[in-house]
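Written below as structure tokens is the structure these notes are about.
By convention in this document, chain letters (A, B, ...) are assigned in the order of the sequence lines, proteins followed by strands, and residues within each chain are numbered from 1. This structure is a prediction, so every number in the text was calculated from the model and none was measured.
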Amino acid sequence: MAQLTIVQAVNQGLRRALESDSKVLLMGEDIGKLGGVFRATEGLQKDFGEDRVIDSPLAESGIVGTAIGLALYGYRPVIEIQFDGFVYPAFDQIVVQLARMRYRSAGALYLPITIRMPFGGGIGSVEHHGESPEAYFASTPGLRVVACADSTDAYWMIQQAVASDDPVIFLEPKRRYYQKGEVDISADLSTALPLHRAKVLVEGSECTIISYGPTVATALQAARLAAADGVKLEVIDLRSLSPLDMPTLIESVRKTGRAVVVHEASSSGGVGGEIGQCLMQSCFYNLKAPVLRVTGYDTPYPPSRIEDDYLPDADRILDAVEKSMSY
Amino acid sequence: MDPFDSLIQLLDCNGSLVEDSHYHSTLDGPALLALYRDMVLVRQLDVQATALQRQGELSLWAPLLGQEAAQIGSGRALQAQDYAFTTYREHGVAWCRGVDPVEMLRFWRGTMHQSWDANLHRLYGYQVIIGAHALHATGYAMGAQYAGRVGTGEAGRDQAVVAYFGDGAMSEGDVNEAFVFATAYQAPVVFFCQNNQWAISEPTKRQSRVPLAQRADGFGLPGIRVDGNDVIAVHAVTVEALNRARSGQGPTLIEAVTYRMGAHTTSDDPTKYRDSADDELWRGRDPIERLRIYLRAEGVLNDDLESELAHEGVSLADRMRESCRELPDPHPLSIFDHVYAGADARIDEQRREVERILSDGQVS
């Protein structure tokens, strides 16, 4: 067992991916010599060389576009978008090119590319450093979208994403990067929970809290507070935003009859709405209350001095639970 | 090759004037003294803001240390009717456009996304997305053309637009597309690239095999490489490029060769990726010191003026320190302001939810 922060676990997972497949390449801005602005790739260029851990020019569309070319040649690129808010210049390459290659070529071509992206707010930084763009990608057919929330998942899921023959958007909860956890790094990749499975973190009977990425810790905090009041919340780490692991969610909601979805991204057109719809369709008669959402508001991300008023917190989750319970 | 070779220069590192076959400075002693004052004070501003970040008063700061001449020389070449678009590092340009340093801090303290009134200063707010605003500047310049504000020859009427960006931005699609649009329409825009040698950890050679200004040839606009630490030369080349733009002769790319003496931002640690010998080399090319030597030799600057300026710098720093802490936090409900032109039902409902949370908070 190793005690690793989430960002260290990403680093270790990438190291193992580089070791186990010579076709794996890392590419991105400042990922080599500097080791990434969050140090997620620290030491990797030194150990694997400049041809496998590549400092790219400052061009996001260029990074994704050339990764597509490298993948067509047979490489397995893992690229870093430095901050969530910097991904948009690459949007065409991701949504129009990357996501559709397999479909467009009738299966003849495929792109095993992983796009790593620190996402979410709460770090007190300036504009474009606290965004949650996942819904754009989760609504794009052809992309797989996952988010880790703890060190174990960071370590295994990044390796699974790299091994995937489909493009994967890999979201890393930047404000939880320094959260520590025990990771069994000696285990075999095949024994890890499959990439697109949700994980029940806390079992409960009265209401299911579904979250992913940085708000999983918030949901756990809400569950602890509720438990002190004798309310047993079930907490699920979604892990995969596309595809959704509906069997796990359905099993939980059939038991509790209530669900609250929590994410930092805006509610309109968000992942929470999709989950709510799927639950309504699959467990309509089990639901004792409508599925509720606790999310960032339908505004651009605010200046950092008021980001705490924007981000979902345990109080807002507990308010939603109370609303659900008293429905 | 040392990026410092073969540059347009009018004042060398030792503070001596240099002849150039094309560019001649029209700046007299008082004008040069004013540029010197600007540079000294923006350096003070920068040092103070960096200190405020270290004290936890700012969430981040992007230091301009070492780039004073590039920013002041070009910023002072602008006329009132011109318009500028900058990145997050152009505090010196903001200074030239009349922005109060305390106002600049709002962005970095996280109280506002845009620190100042863009219309008032004719200066768009700090742009964080690399190169995006090169296109905005080009479009703004096209607007000036369509509005008949180019090539009239009437003083104060013709407009030029400046897009500031760095060496890293030269790799972005938006910047290259801006060159295409600017030349296609001969828009009155000056692309002012401060090549400070480093895009965070990546040296300019990672972005280009040729001097950046040379890229202009392929797009069909003049490309000029100037000593970005020579405020006199920067001013001269920018004045000419702006005149070209205003008179309808189209865009120019200026590469001001300079050096980022500090970190990329206060979150960065340059010792991880660059050699301190380079810092030493560029310290010898300091933009302020060479002008100081020249002005003292000319008798324009003396001990009294220097101590007066030092005093002014201290007052500025004091005022920044005190006023920064007093910058008001935005009201939480301001999250919902200015999303759309008019009312929006979703936003209104969410605003009421926060109102309720805030009033509950007051009760408990």
Taking non-hydrogen atoms and a cut-off under 4.5 angstrom, which of residues 164-178 of chain B neighbour chain A? B:G168, B:S171, B:E172

Chain A contacts: which residues in residues 261-274 of chain B have a non-hydrogen atom closer than 4.5 Å to it? B:D268, B:D269, B:K272, B:Y273

State the [atom1]-[atom2] distance between [X] and [Y], to the nearest 0.5 angstrom.
X	Y	atom1	atom2	value
A:E60	B:I130	CD	CD1	8.0 Å
A:S267	B:E349	OG	CD	8.5 Å
B:I129	A:H128	CD1	NE2	4.5 Å
B:Y126	A:E127	OH	CD	12.5 Å
A:T299	B:D337	OG1	CG	10.0 Å

4.5 Å side-chain heavy-atom contact, [X] and [Y]:
X	Y	result
B:D329	A:I306	no
A:S125	B:L60	yes
A:D309	B:I335	yes

Check whether any side-chain N or O of A:D30 sits under 3.5 Å from a backbone N or O of B:S201 as a donor-acceptor pair, and report yes or no. yes

Taking A:L58's backbone N and O only, do any of them form a donor-acceptor pair with B:Q207's side chain (distance below 3.5 Å, no angle check)? yes

Is it the backbone or the side chain of B:R206 that comes under 4.5 Å from a heavy atom of chain A, or both, or neither? both

Should the pair A:K33-B:E202 be classified as a salt bridge under the 4.0 Å nitrogen-to-oxygen rule? no

Using a 4.5 angstrom heavy-atom cutoff, name the option from B:I347, B:I200, B:L333 with the most pairs to chain A. B:I200

What option among B:R109, B:R351, B:R346 has the most heavy-atom pairs under 4.5 Å with chain A? B:R109

